[in-house]
Peer 1: 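Please find one structure pasted underneath; my questions will follow.
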Amino acid sequence: MHTGGTFGMVPMPPNQLLAPDEVASHILTHVPELEKLAHITVQCVFNLDSADIQIDHWQRLARMVAEHLDDYDGFVIIHGTDSMVYTAAALSFMLRNLPRPVILTGSQRPLAAIRTDARTNLINSVELATHSIPEVAIFFGTRLYRGNRTVKNSSIHYDAFQSPNYPPLAEVGIDVHVFDHHRRCQGGFQLREAISPAVLAVRYFPGLLPEYLEYVAGLPVKAVVLEALGLGHTAVKSQSLVPWIKGLREAGKLVVITSQSRHGRVDLSRYENGLRLRQAGAVGAGDMTTEAAIVKLMHLLGQGYDTPEILGRRLREDLAGEITTDHG
Ligand code: ASP
């Protein structure tokens, strides 16, 4: 098996970044077993704290995978944990009908540190990248998750990630178990690089004054993700957000409701508060994570879907397994 290590970043202690040409030898010195699992090529695309990732980094990674798609059986991307789920979501939308695994991994402790989790995460990722799992996934701890379903929920535990609304794609214990609910590649591969930054996210909380949000109408954003309560609720009586949502819709902007509750899905038909937001023009994001909804909107806007009606419709379609669409 050939695994293309498109290595984005190498976890090191703060302020000790390796030069790009040192990365491959550093990895293979610390984890020589990798070469027993696969024929590996290491490329350092960039090496920086993942909090500094921008749209053009996603595009560089996507292009790198697309250019080498036929040269390898799988790809592993080493990535800082902070923004890993955003990169995974972006790649899942950009690499349409992906025929091979692209697995992002990282660690909580640097590769050279005692008790590092980088070694095992990397070894397991490379092993899983030799399986037929045609998805952009995240491996961390003991599990492989669908990337666009994953959230980072710990900055201290080795099990730093979770997939609240979709089961793991594989589990590693004494044995490796690959489950069969991964995606199947249908149709020809396409690279869809264009991404728009015209998205804003706002977290609702009791006491939020709608007048603080008035500035949004004057921004060049085309979609606003409102992270609301429970099934997708905000105040609709005192300090109601209904006029704000209506105003944005009239200004040609879409408001998308996600939930601060990680498990479950947004349902704007169950309570009066949800119904009022929906009547004002807001659209629920179903069981998508807030992170996936933000990146999906950036992707869809990049593809030119920029009227609220079409954007709202496309948002609720399943592009890469990020949303469950059979709830009726
Ligand atoms: N701040 C780091 C990053 O996301 C944390 C880590 O290495 O996981 O790049």
Peer 1: Working to the nearest 0.5 Å, report the span between NE2 of His131 and CG of Leu144.
Peer 2: 10.0 Å
Peer 1: Are any of the side-chain nitrogens in Asp73 or Arg100 under 4.0 Å away from the carboxylate oxygens of its partner?
Peer 2: no
Peer 1: Say whether Arg265 and His263, considering side chains only, have a donor N or O and an acceptor N or O under 3.5 Å apart.
Peer 2: no
Peer 1: Are Val151 and Ile294 grouped together when hydrophobic residues (ILVMFWY) are joined by side-chain heavy atoms under 4.5 angstrom apart?
Peer 2: no
Peer 1: Output yes when a side-chain donor or acceptor of Trp244 lies under 3.5 Å from a complementary backbone atom of Leu213, and no otherwise.
Peer 2: yes
Peer 1: Taking Asp318 for the side chain and Gly321 for the main chain, is one N or O donor matched with an acceptor at less than 3.5 Å?
Peer 2: yes
Peer 1: Looking at Gly252 and Lys222, what are the two nearest heavy atoms and their distance?
Peer 2: O-NZ, 3.9 Å
Peer 1: Who are the side-chain contact (heavy atoms from CB on, under 4.5 Å) partners of Leu319, not counting sequence neighbours?
Peer 2: Phe93, Arg96, Lys296, His299, Leu300, Arg314, Glu322
Peer 1: When you look at CZ of Phe189, are more than 12 heavy atoms from neighbouring residues, nucleotides or ligands closer to it than 6.0 Å?
Peer 2: yes
Peer 1: Quick check: does any side chain N or O of Ser259 sit under 3.5 Å from a backbone N or O of Gly230, one acting as donor and the other as acceptor?
Peer 2: yes
Peer 1: Less than 4.5 Å apart, side chain to side chain, heavy atoms only: is that true for Arg146 and Ser163?
Peer 2: no
Peer 1: Using salt bridge (charged side-chain N to carboxylate O under 4.0 Å, His left out), reason through Glu67 and Arg60 one step at a time and then give a plain yes or no.
Peer 2: CA-CA 10 Å; Glu67 269 165 30; Arg60 277 157 66 186; over 6 Å; no
Peer 1: Would you give the length of the straight line joining atom CG of Asn165 to atom CD1 of Ile323, rounded to the nearest 0.5 angstrom?
Peer 2: 10.5 Å
Peer 1: Just so I know, are the side chains of Gln108 and Thr81 near enough to count as touching, which here means a heavy-atom distance under 4.5 Å?
Peer 2: yes
Peer 1: On a heavy-atom basis, which atom in Leu191 and which in Ala62 lie closest, and how many Å separate them?
Peer 2: CD1-CB, 3.8 Å
Peer 1: Working to the nearest 0.5 Å, report the span between CD of Gln162 and CZ of Phe140.
Peer 2: 13.5 Å
Peer 1: Would the number of heavy atoms belonging to other residues, nucleotides or ligands and lying under 6.0 Å from NZ of Lys152 be above 12?
Peer 2: yes
Peer 1: Going by heavy atoms in the side chains, are Ile195 and Met94 under 4.5 Å from each other?
Peer 2: yes
Peer 1: Would you check if the side chain of Asp267 reaches a backbone N or O of Leu231 as a donor-acceptor pair within less than 3.5 Å?
Peer 2: no
Peer 1: Distance check, rounded to the nearest 0.5 Å: Leu95 atom CG versus Phe75 atom CZ?
Peer 2: 9.0 Å
Peer 1: Between Ala228 and Tyr204, what is the shortest heavy-atom contact and its length?
Peer 2: CA-CB, 4.2 Å
Peer 1: Please answer whether the main-chain N or O of Leu219 pairs with a side-chain N or O of Lys253 as donor and acceptor at a distance below 3.5 Å.
Peer 2: yes
Peer 1: Would you confirm whether the ring centroid of Tyr72 sits within less than 6.0 angstrom of the ring centroid of His39?
Peer 2: no
Peer 1: Mind checking whether Val283 and Leu254 have side chains closer than 4.5 Å, heavy atoms only?
Peer 2: yes
Peer 1: Would you sort out whether Leu311 and Leu301 count as a side chain to side chain contact (heavy atoms under 4.5 Å, CB included), showing the intermediate values?
Peer 2: CA-CA 8 Å; Leu311 190 59; Leu301 287 166; 3.8 Å; yes
Peer 1: Is a side-chain N or O of Asn273 found less than 3.5 angstrom from the main chain of Ala235, in a donor-acceptor match?
Peer 2: no
Peer 1: Salt-bridged, Arg183 to Glu135, with N to O below 4.0 Å?
Peer 2: no
Peer 1: Atom NE2 of His233 and atom CG of Leu226: how far apart are they, to the nearest 0.5 Å?
Peer 2: 12.0 Å
Peer 1: Any donor and acceptor pair, going by atom type alone, linking the side chain of Ser240 with main-chain N or O of Lys237 inside 3.5 Å?
Peer 2: no
Peer 1: Would you mind reporting whether Val65 and Leu91 have side-chain heavy atoms less than 4.5 Å apart?
Peer 2: no
Peer 1: In a check of side chain to side chain contact (heavy atoms under 4.5 Å, CB included) between Leu37 and each of Asn124, Ile123, Thr130, which one passes?
Peer 2: Ile123
Peer 1: Measuring only between side-chain heavy atoms, which start at C-beta, is Arg313 closer than 4.5 Å to Tyr305?
Peer 2: no
Peer 1: Is a side-chain N or O of Gln260 found less than 3.5 angstrom from the main chain of Glu227, in a donor-acceptor match?
Peer 2: yes
Peer 1: Where do Pro210 and Gln239 come nearest, in terms of heavy atoms and distance?
Peer 2: CD-OE1, 3.3 Å
Peer 1: How about Leu268 and Leu275: do any of their side-chain heavy atoms sit closer than 4.5 Å?
Peer 2: no
Peer 1: Given side chain to side chain contact (heavy atoms under 4.5 Å, CB included), test Phe179 with Leu169 step by step and report yes or no.
Peer 2: CA-CA 6 Å; Phe179 306 118; Leu169 303 175; 5.9 Å; no
Peer 1: Within a strict 4.5 Å, meaning less than it, do heavy atoms of the Val199 and Val295 side chains meet?
Peer 2: no
Peer 1: So Ile138 and Ile103, side chain to side chain contact (heavy atoms under 4.5 Å, CB included) or not? Walk me through it.
Peer 2: CA-CA 5 Å; Ile138 288 180; Ile103 298 180; over 6 Å; no
Peer 1: Closest heavy-atom contact between Val31 and Arg119?
Peer 2: CA-NH1, 3.8 Å
Peer 1: Using a strict cut-off of less than 4.0 Å between a Lys/Arg side-chain nitrogen and an Asp/Glu carboxylate oxygen, indicate whether Asp287 and Arg149 qualify as a salt bridge.
Peer 2: yes
Peer 1: Grouping I, L, V, M, F, W and Y whenever their side-chain heavy atoms are under 4.5 Å apart, do Val255 and Leu297 come out in a common cluster?
Peer 2: no
Peer 1: Is Arg249 paired with Glu309 through a side-chain N to carboxylate O contact shorter than 4.0 Å?
Peer 2: yes
Peer 1: With no hydrogens and no angle check, is any side-chain donor or acceptor of Asp52 less than 3.5 Å from a backbone partner on Leu48?
Peer 2: no
Peer 1: To the nearest 0.5 Å, what is the distance between CG on Asp159 and CG on Asp117?
Peer 2: 9.5 Å
Peer 1: Hey, any chance Val256 and Phe205 share a hydrophobic cluster, counting ILVMFWY side chains that come within less than 4.5 Å of each other, even indirectly?
Peer 2: no
Peer 1: Gly187 and Asn97: which non-hydrogen atoms are nearest, and at how many Å?
Peer 2: O-CB, 3.6 Å
Peer 1: Report yes or no: does Thr29 contribute a side-chain atom to a donor-acceptor pair with the main-chain N or O of Ser25 at less than 3.5 Å?
Peer 2: yes
Peer 1: Begin with the C-alpha distance, continue with both residues' side-chain angles, and end with the deciding distance and a verdict on side chain to side chain contact (heavy atoms under 4.5 Å, CB included) for Ile53 and Tyr86.
Peer 2: CA-CA 9 Å; Ile53 290 275; Tyr86 291 92; over 6 Å; no
Peer 1: Do Val216 and Leu209 sit in one hydrophobic cluster, given that two such residues count as connected whenever their side-chain heavy atoms are within less than 4.5 Å of each other, even indirectly?
Peer 2: no
Peer 1: Counting neighbours of CZ on Arg63 that are heavy atoms of other residues, nucleotides or ligands and sit closer than 6.0 Å, is the number greater than 12?
Peer 2: yes
Peer 1: If Ile, Leu, Val, Met, Phe, Trp and Tyr residues are connected whenever their side-chain heavy atoms lie under 4.5 Å apart, and connections chain through other members, are Leu98 and Val45 in the same group?
Peer 2: yes
